[in-house]
J.: 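Handing you this structure, nothing more for now.
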Amino acid sequence: MIDLRSDTTSKPTPEMREAMARAEVGDDVLGDDPTVKRLEARVAEILGKEAAIYTPSGTMANQIALRCHLRPGDWFVVEADSHVLRVEGAATAGLANVAPSLVEGRQGRFGPEDVIARVPRPHPSIPDWLAIAPKLVWIENTHNGAGGTVWPLAELAKVAAAARKEGMAVHLDGARIWNAAVATGTPEAEFAAHCDTISVCFSKGLGAPVGSALAGPAETIREARRYRAAYGGGMRQAGIIAAGALYALENNRARLAEDHANARLLAEGLAKIDGIALDLATVESNIVVLHPTEISASTFVDRAEEAGVRMLPLGANTVRAVTCLDVSRRDIERAIEIIAALDLGA
Ligand SMILES: Cc1ncc(COP(=O)(O)O)c(C=O)c1O
């Protein structure tokens with residue numbers, strides 16, 4: 001079976017498991033775990049931030065960020081198809097009690113004009129208490145829902161500058177910032193420099209089994225420790241999993257270029273198949289989005305799985321295929337052959 005459902009499906013390699021087995025550990029809730037401390041310091045260093053906090057998941061890192069930046073009843077400007085809205089258990093409403101001020105993105109990206117348009121302007125006919133300004137702008141890079149699309153630094157910088165001008169903070173959901181860095185040649189810290197906080201994941205393209213981090217100013221990360229505790233994210237001898245994340249951080253970033261090349265190879269192969277519509281221009285990192293033209297996404301995924309290739313249906317006629325370190329070039333060549341041989345007719 002060739003598994004192209006997600007870059008979260010990879011298994012730790014023997015070397016990573018070895019690093020995890022040898023990890024020095026302690027009670028991290030009491031501040032005693034040296035491996036977690038090392039990971040947090042290294043993440044802060046790579047991202048150019050004062051501090052970082054290790055969390056069990058990207059969802060928790062994002063949800064903690066919302067709590068740090070906003071109070072119940074606040075607005076934040078966010079692209080409509082963002083992960084924080086789509087697949088985090090509706091925690092924006094249920095836990096943070098904040099409201100999205102939606103921007104319709106273009107491949108997940110938006111511009112300073114979209115931020116400015118979300119800010120109510122005073123007018124004599126509108127009471128000022130009706131004009132509630134958003135307090136935060138949320139950027140996702142790479143953008144999962146749009147198919148791993150990348151914000152170039154210049155575009156992100158313009159949006160961040162507009163946010164600041166309007167008095168808003170900026171959070172970057174950088175679950176796949178490592179992919180954005182490799183795709184653009186821009187170091188992660190340069191993206192992070194325009195943002196107050198950034199969340200990152202080790203369990204996606206980097207191949208670690210567990211964990212994410214939130215990085216930002218020391219004071220914000222101190223506050224984040226309280227919210228992590230409130231959400232049940234305090235872990236004890238977490239050095240065992242943090243060692244996997246550290247290993248991933250040091251060894252698996254540069255190789256993401258292979259995943260991007262494999263995604264391109266896959267996209268080019270699939271685009272030639274009758275019964276599949278695929279816009280090659282949307283393939284910017286390790287995610288390929290395709291549309292069966294004659295059958296539904298779920299029928300396409302079922303037929304492909306029966307033949308040996310697993311993918312995820314994203315919508316009625318949208319399917320996602322993702323490359324990662326457990327998927328080789330040979331797997332991709334084979335996946336193209338298998339999909340080309342499928343009956344894609346209604
Ligand atoms: C952009 C983005 N942010 C956050 C997350 C959440 O990460 P986790 O699955 O670790 O909660 C994901 C997961 O796929 C993601 O794609």
Side-chain angles (χ1 to χ4, degrees), residues 2-7 79-83 85-87 102-111 114 139-156 159 173 175-177 179-180 182-185 204-205 256-305 309-324 327 329 331-346:
I2 300 167
D3 196 343
L4 302 177
R5 287 172 302 163
S6 174
D7 49 8
E79 199 278 326
D81 208 21
S82 297
H83 192 279
L85 300 182
R86 268 189 319 119
V87 264
L102 293 181
V103 169
E104 289 296 333
R106 297 165 289 282
Q107 297 298 329
R109 296 176 284 255
F110 53 92
D114 297 302
I139 299 171
E140 187 176 313
N141 193 17
T142 67
H143 194 288
N144 180 347
T149 50
V150 181
W151 282 73
L153 182 64
E155 275 187 47
L156 187 145
V159 165
D173 178 350
R176 293 183 182 79
I177 196 66
N179 296 82
V182 164
T184 56
K204 309 209 158 60
L256 290 170
E258 284 173 45
D259 298 344
H260 296 184
N262 282 340
R264 175 125 309 259
L265 182 68
L266 178 69
E268 284 170 358
L270 297 184
K272 292 190 191 124
I273 298 172
D274 280 346
I276 292 179
L278 194 161
D279 179 359
L280 286 173
T282 63
V283 184
E284 300 181 15
S285 61
N286 68 328
I287 302 179
V288 176
V289 172
L290 58 123
H291 310 280
T293 55
E294 310 300 324
I295 53 177
S296 70
S298 69
T299 304
F300 177 91
V301 165
D302 291 347
R303 288 183 189 171
E305 179 151 349
V309 182
R310 298 183 91 180
M311 288 168 281
L312 281 184
L314 277 195
N317 74 338
T318 304
V319 173
R320 179 180 95 162
V322 187
T323 58
C324 70
V327 176
R329 189 181 167 86
D331 290 333
I332 295 296
E333 289 164 351
R334 183 82 196 106
I336 296 167
E337 284 165 16
I338 290 172
I339 295 167
L342 291 179
D343 169 12
L344 297 181

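Not measured: the values here are computed from a predicted model.
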J.: Can you confirm whether more than 12 heavy atoms, excluding those of Arg329, are under 6.0 Å from its CZ atom?
T.: no
J.: Give the minimum heavy-atom separation between Val288 and Val283, together with the two atoms involved.
T.: CG2-CG1, 4.2 Å
J.: Check Thr293, Ile339, Thr318, Asn317 against Phe300 for a side-chain contact (heavy atoms from CB on, under 4.5 Å) and give me the one that passes.
T.: Ile339
J.: Distance check, rounded to the nearest 0.5 Å: His260 atom NE2 versus Ile287 atom CD1?
T.: 9.0 Å
J.: Distance check, rounded to the nearest 0.5 Å: Arg5 atom CZ versus Arg310 atom CZ?
T.: 3.5 Å
J.: Is any side-chain heavy atom of Asp114 less than 4.5 Å from a side-chain heavy atom of Arg106?
T.: yes
J.: Which residue, Thr142, Ile177, Asn179, forms the side-chain contact (heavy atoms from CB on, under 4.5 Å) with Val150?
T.: Thr142
J.: Which heavy-atom pair separates Ile295 from Gly345 by the least distance, and what is that distance?
T.: CG2-O, 3.2 Å
J.: For the atom pair NE2 (His291) and CG (Asp279), what is the distance rounded to the nearest 0.5 Å?
T.: 8.0 Å
J.: When you compare the side chain of Leu153 with that of Thr184, does any pair of heavy atoms fall below 4.5 Å?
T.: no
J.: Under 3.5 Å, is there a donor-acceptor pair linking the side chains of Glu140 and His83?
T.: no
J.: Grab the two heavy atoms, one from Trp151 and one from Val159, that are nearest each other, plus how far apart they are.
T.: CZ3-CG2, 3.7 Å
J.: Less than 4.0 Å between a side-chain N and a carboxylate O, is that true for Arg303 and Glu294?
T.: no
J.: For residues Ala297 and Gly315, report the shortest heavy-atom separation together with the two atoms involved.
T.: CB-O, 3.2 Å
J.: Please tell me if the side chains of Asp7 and Val327 come closer than 4.5 Å, counting only heavy atoms from C-beta onward.
T.: no
J.: Can you tell me how far NZ of Lys204 sits from OG of Ser6, rounded to the nearest 0.5 angstrom?
T.: 7.5 Å
J.: Any side-chain to backbone donor/acceptor pair from Ser82 onto Leu85? Under 3.5 Å, distance only.
T.: no
J.: Do the non-hydrogen side-chain atoms of Val289 and Val319 ever get within less than 4.5 Å of each other?
T.: no
J.: A side-chain contact here means heavy atoms from C-beta on lying under 4.5 Å apart; do Leu4 and Leu266 qualify?
T.: yes
J.: Quick one, Arg109 and Thr149 - any side-chain contact, counting heavy atoms below 4.5 Å?
T.: yes
J.: Kindly say whether Gly147 contributes a backbone atom to a donor-acceptor pair with the side chain of Arg320 at under 3.5 angstrom?
T.: no
J.: Give, for atom OG of Ser285 and atom CG of Leu256, the distance between the pair rounded to the nearest 0.5 Å.
T.: 9.0 Å
J.: When you measure from the side chain of Glu79 to the backbone N and O of Gly105, does any donor-acceptor pair fall under 3.5 Å?
T.: yes
J.: Can you tell whether the side chains of Lys272 and Glu268 come within less than 4.0 Å, N to carboxylate O?
T.: no
J.: Please tell me if the side chains of Val301 and Leu312 come closer than 4.5 Å, counting only heavy atoms from C-beta onward.
T.: no
J.: Identify the heavy atoms of Thr323 and Asp259 that sit nearest to each other, and give their distance.
T.: OG1-O, 2.7 Å
J.: Which distance, rounded to the nearest 0.5 Å, do you find between the CG of Leu270 and the CD1 of Ile276?
T.: 5.0 Å
